[in-house]
Protein chains: 2
Amino acid sequence: MMATVFDVAKEAGVSIATVSRVMNNSPRVSAATAEAVRAAVEKLGYVPNQQARNLRKNESNSILVMIPDVTKLSYARTLAGINEKALEYGYTLLMNNAVGEEQEIVLNRMAETQRCAGAILLNVMLGDEWLPDVDSRLSLVLCSEYVSGCNMLSVSVDDRKIGREAADYLLKLGHRRIGYIGSCVSCSSAFERREGFLSRLSEDGIEPDVRLVAYTDVSTNYREGYRVARELLSRPDRPGAIFCYSDILAMAAVTVAGELGIRVPEQLSVLGVDNNVYAEMVHPYVTSFSQPFEEMGRRAMELLHLKMTGQTIPTGRVIAEHELKIQESTGPAL
Amino acid sequence: MMATVFDVAKEAGVSIATVSRVMNNSPRVSAATAEAVRAAVEKLGYVPNQQARNLRKNESNSILVMIPDVTKLSYARTLAGINEKALEYGYTLLMNNAVGEEQEIVLNRMAETQRCAGAILLNVMLGDEWLPDVDSRLSLVLCSEYVSGCNMLSVSVDDRKIGREAADYLLKLGHRRIGYIGSCVSCSSAFERREGFLSRLSEDGIEPDVRLVAYTDVSTNYREGYRVARELLSRPDRPGAIFCYSDILAMAAVTVAGELGIRVPEQLSVLGVDNNVYAEMVHPYVTSFSQPFEEMGRRAMELLHLKMTGQTIPTGRVIAEHELKIQESTGPAL
DNA sequence: ATGACGAATGGAAAGGTTTTCACATTGCAA
DNA sequence: TTGCAATGTGAAAACCTTTCCATTCGTCAT
C-alpha cells in the first residue's frame, strides 16, 4: 500500500541502508546516489513511517502538554505558544486536559509506554513528590505559577514583583488608602502577589487594614467578585484605590463603582492583573499587568527542546517579564 | 532497561506469544497460565510498548484535533469535550493549532507518516476539495459550523434554526421593530443565522429594514460591536429589540444602551448567541442561545470512534441541540 | 482402538525503520 | 609497488510487538 524503504531501494537500485542514510541527511553518501534516491522517493511518494522510526531509535518526537483546564484563557494562550514552537522544532503535540490525581496517572502511562519524550506541565498541583521521579524518565518543564521549594525547571512570571509594582504604582499616584481584592491562599500566585503588594506598602509605613481588604477564594469568579466589591465599596471608609488579583475582579469593581456612583478613576483607581481580552468590555478600560502567556509557552518549549537534546539549560526558575498596561481606570489620588 | 515481552515470558516460563495473548485478553489461554503471566507482568512492571504495538498492528491509537485558534473559548470548550471522550476510549490526543493552508499540510503529513488514525477538524475552512481525499486515508469528522454542500460527517448546531427561534421569541414578545447586529458573509454560521432570522420575520410580514440592521464583519470583536451598536441605537428610529450574532455583540449593545439612557429590557430587548461565561460581566445579564460545545466535542469523538472501528455511522450532518437561556435583557414590547 | 476435533501453546515471520559491521573501492603517501 | 586511510555501500541485526501456522495433548464419538 504505502511505499517503504524497500520500494525506494529497489526503485533507486540501492540498499535500504542507503535510502535510510539519504532520508536522514547522512554525509556518508555520494551526491549521485543521493540524487537517485531522492528521485525514487519523489516518484513513489515515500514518507518514512514515524512509528517504525521511533521504535528503532527508541525515542519519540511527540511531547505532552498537560493542562488543568483548556477553557481557561491563560492556559489556552500558553498552549498556543507551545504549539507554535513545537511546530517549528518538528514535535507533535500530545495534549491532555487533566487535573489532580489523573495528572499523575496519565503522566506515568505516557512515560511507561514511551509515547512521548518530554512534557510541559501547566500549573501542576502543589506538593508533588512524584515529579522528580517522573523527571528522571521523561524530560519535564513546568510552566505556570511558581511553586517555591520545587526544584524543577519552570517558567513563570514573578508574582511577588507584580504585587510590589502594583503597590509602587498606586503609591506614586499619591494613594494611601489602598485596598486589595483577591485570595490569599487559594493558589501560589495569589499568595505571592499579595505578599509583594503588602511588603511594598509596608515600606511606606502602610500596614494592612482589614477594612480595605476583601478576600474571595474564587479569584476568577465574576459574580463572587461583584458581591465582594459591592460590600467593600459600600463602606463609608472605602479605599481610594484597589489592587485586584485578576482583571475579572477588577472589572467587577469598576462595574460596582459605576453602579454606586463612584467615578473611576477620579474617586477610585482600579488596578488588575492579566490583560484579559475581555477587559475591554467594561468602561473605563482597566489598567492591568499583562502576562506574556504565549511567550511563556514558547520559552517552555524551547527549554524542553534543549533539555531533551542534552544541551545546557538554566537551572530552576526562568522568569517571564510582565508589563504594566496603563489604561483608564487609574489616576492620581485627589 | 524496560521490561519486554521476552522478560515476562522468561519469568513466567511461557512463550512471548502467550504473553501477548494475555496482554490482549485473548480467551484462548488457560486461567492458570494467564495468572502466571500476570504475576510476572506485575513483578517486572511490564508495560507494552505502544510504538511497537502500533507498528505491528499498523494502526494508531492517537487522533488529531485541528483547531484554528485554541484561545477562542468555543473551540477550547469543544476540545475539552473531545478530550473527555478520548480518554474514555483510550485514545491519545494530538493537537494542532493551525489555520488555512497549514491545516492541509499538517493533516497530510499526519496521514502519511501514519501518526494518527483519525482526526477531528474544528471549523475547517470553506472550499475544501481536498477533504474527501484525506478522508479516504484517515477517518475524519468535522465539528464546527455547518458547511452546506460538504458531504463530510459533521457535528454542528442548526444555525438557521437559532435564527428562526430568535425571531420567533422576539415576535412572541410583541416586538415588530427588530434589528440585527452581526455579519452576513464572514462565516457560514452568521449567514445561516441571519437567513433563518429574516425568513421567520418575513413570515409575519416583516421585511428587512436597512435602518434596523448593523453589519460588522468582525462578529466577535467587542470594540467594533460597540461602535456599530452606538451608531444603531443613536438613531431616532432605533429598534425595540435586537438580535445579535454573538454574546460579545449583545454585551456591547447592552452597554451602549446603558450609556444612552435606554432602559433594558423595558425600552430595548437584546438577544445574543453563545452563553459566553463572560456574559455575566454586563448587567442586565444577556438572554442568549447557548451552544453545547462540550457536548459537540464528545459527539464528534464518539462518531470518530465508530467510524474508525468500522461501525455504522449516521451519514452527513449530526445536529447538536442549542437552548434559549432567558435572562434579564429581553422583555415584552411596550 | 482409532480418528477427529478442540484447546492450549510455541515457533517464527512480519511490520518499517536505523545502525553496526564488514566489505569493496578509491586515492594517496611512503 | 605496497600499505593504509577514507569513502561509499550492502547485509543483517535490532527495536518490541502481534499473529499465522504448526504442534502437542487430551477428550470424545465412532
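Lettering follows sequence order; numbering is per chain, from 1.
Following rounding to the nearest Å, A:I16 (CD1) and D:dC15 (P) show an atom-to-atom distance of 16 Å. Taking atom CG of A:N58 as the reference point, atom P of C:dT17 lies 18 Å away to the nearest angstrom. A straight line from CZ of A:R21 to C1' of C:dT17 spans 13 Å, rounded to a whole angstrom. The CD-P distance, from B:Q51 to C:dG16, rounds to 16 Å in whole Å.
With hydrogens and angles ignored, no donor-acceptor pair closer than 3.5 Å exists between the side chain of B:R53 and the base of C:dG15. Applying the 3.5 Å distance criterion, the base of C:dT18 shares a donor-acceptor pair with the side chain of A:R56.
B:S20 comes within 4.0 angstrom of a nucleotide base, judged by non-hydrogen atoms across all strands. Note on B:V47: only backbone sugar-phosphate atoms sit closer than 4.0 angstrom, heavy atoms only; bases stay farther off.
If you check C:dG10, C:dT17, D:dC16 against the side chain of B:V5, the one that comes closest is D:dC16. Of the candidates D:dT17, C:dT9, D:dG10, the closest approach to any side-chain atom of B:T33 belongs to C:dT9.
Distances shown here put a side-chain N or O of B:T18 below 4.0 Å from the OP1 or OP2 atom of C:dG10. When the side-chain nitrogen and oxygen atoms of A:N24 are compared with OP1 and OP2 of C:dT18, one or more of them lie within a distance under 4.0 Å.
For the side-chain contact (heavy atoms from CB on, under 4.5 Å) with B:Y46, the qualifying choice from B:V37, B:V5, B:D7 is B:V5, the only one to do so. Screening B:V70, B:I67, B:N97 for a side-chain contact (heavy atoms from CB on, under 4.5 Å) with A:L79, the sole residue that qualifies is B:V70.
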Test salt bridge (charged side-chain N to carboxylate O under 4.0 Å, His left out) applied to B:D135 and B:K307, step by step: CA-CA 11 Å; B:D135 191 45; B:K307 195 170 174 178; 3.0 Å; yes
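At least one side-chain heavy atom of A:N96 sits less than 4.5 Å from a side-chain heavy atom of B:N83.
In terms of position along DNA chain C, the nucleotide closest to B:S30 lies nearer the 5' end than the nucleotide closest to the other residue of the pair B:L55 and B:S30.
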